[in-house]
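A quick write-up on the structure given underneath.
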Protein chains: 2
Amino acid sequence: MKNRLKVLRAERDFTQGDLADALGVSRQTVNAIEKGKFDPSLPLAFKIASLFGHSIEEIFQYEN
Amino acid sequence: MKNRLKVLRAERDFTQGDLADALGVSRQTVNAIEKGKFDPSLPLAFKIASLFGHSIEEIFQYEN
DNA sequence: TCTTTGTGTAAAGTTTACTTAACATTTAAT
DNA sequence: ATTAAATGTTAAGTAAACTTTACACAAAGA
């Protein structure tokens, strides 16, 4: 899975910490997702999508 | 999170076992997701969406 | 230069998404 | 009425998504 988190975050001028707070997760979690260390849970993906006003599919791309 | 898995599965006349095979997970996992015992991972949600030809948002609904 | 802010990373622990194996129950044939 | 297929559920284990704590480093400001 790839994601556009870093770009979306930059567009809003959010730090990883800002985003973490808004999502209710730790900064390390945001960092790990951005760096592709793991994928968010489905509920977290929904929160992210809702926060940025995009569909999950617009933010995360599944790669076989 | 709620989901429309049971209905979509019924529409295609799939058993839980059929769906599990198509998704590459165990039947118990399909059952547990259907019954709301837990949510699928994001990659699995993508697989489900792709299999049924719907967006993730059309199949899974986030409830605060 | 010193300090602050943002980012990267790692260790150790908890929770949640999975597995296999097993068995009970419901549903649908025959 | 029996059997077979589908579903429900549980236990015990592994893997992945998280947590907190901690520290190193780079960029930017004062």
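As the structure is a computational prediction, the values presented were derived from the model and not from experiment. Per chain, numbering begins at 1; letters A, B, ... match sequence-line order.
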5' precedence on DNA chain D between A:I33 and B:F14 (nearest-nucleotide basis):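 In this pair, the answer is B:F14.
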
Pick the nucleotide of DNA chain D nearest each of B:P43 and B:R9; which residue has the one closer to the 5' end?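 Nearest-nucleotide comparison on DNA chain D picks B:R9.
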
Rounded to the nearest angstrom, tell me the gap between atom [atom1] in [X] and atom [atom2] in [N].
| X | N | atom1 | atom2 | result |
| --- | --- | --- | --- | --- |
| B:M1 | C:dA17 | CE | P | 10 Å |
| A:K6 | C:dG6 | NZ | P | 15 Å |
| B:K37 | D:dT9 | NZ | P | 8 Å |
| B:L42 | D:dA17 | CG | P | 9 Å |
| A:D13 | D:dA28 | CG | P | 13 Å |

Within less than 4.0 Å of OP1 or OP2 of [N], is there a side-chain N or O belonging to [X]?
| X | N | answer |
| --- | --- | --- |
| B:N31 | D:dG8 | yes |
| B:S26 | C:dT19 | yes |
| A:K35 | C:dT9 | yes |
| A:S41 | C:dA17 | no |

Nearest to the side chain of B:T29, heavy atoms from C-beta on, is which of D:dT20, C:dC18, C:dT9?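 Within the option list, the nearest is C:dC18.
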
Which sits closer to the 5' end of DNA chain C, B:R27 or B:L44, going by the nucleotide each is nearest to?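 Looking at DNA chain C, the more 5' nearest nucleotide goes with B:L44.
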
On DNA chain C, check which nucleotide each of B:F38 and A:Q16 is closest to and give me the residue with the more 5' one.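 Nearest nucleotide further toward 5': that of A:Q16.
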
For B:T15, answer base if it contacts any base atom (sugar-phosphate contacts may also be present), sugar-phosphate if it contacts only those atoms, and nothing otherwise; contact means non-hydrogen atoms under 4.0 Å.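 Counting heavy atoms under 4.0 Å across all strands, the contact made by B:T15 is with sugar-phosphate only.
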
With a 4.5 Å limit on heavy-atom distance, are the side chains of [X] and [Y] in contact?
| X | Y | value |
| --- | --- | --- |
| A:T29 | A:L44 | yes |
| A:E57 | B:F46 | yes |
| A:L8 | A:I48 | no |

Using a distance-only criterion (donor-acceptor N/O pair, under 3.5 Å, no hydrogens), is the base of C:dT7 paired with the side chain of A:Q28?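 Answer is no: no donor-acceptor pair is held.
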
Which word best sums up how the rings of A:F52 and A:F14 line up, parallel for under 30°, tilted for 30 to 60°, or perpendicular for over 60°?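 Judged by the thresholds at 30° and 60°, the geometry between A:F52 and A:F14 is tilted.
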
Quick check for you: to the nearest 0.5 Å, what is the distance between A:L51 atom CG and A:R9 atom CZ?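 Between A:L51 CG and A:R9 CZ, I get 12.0 Å after rounding to 0.5 Å.
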
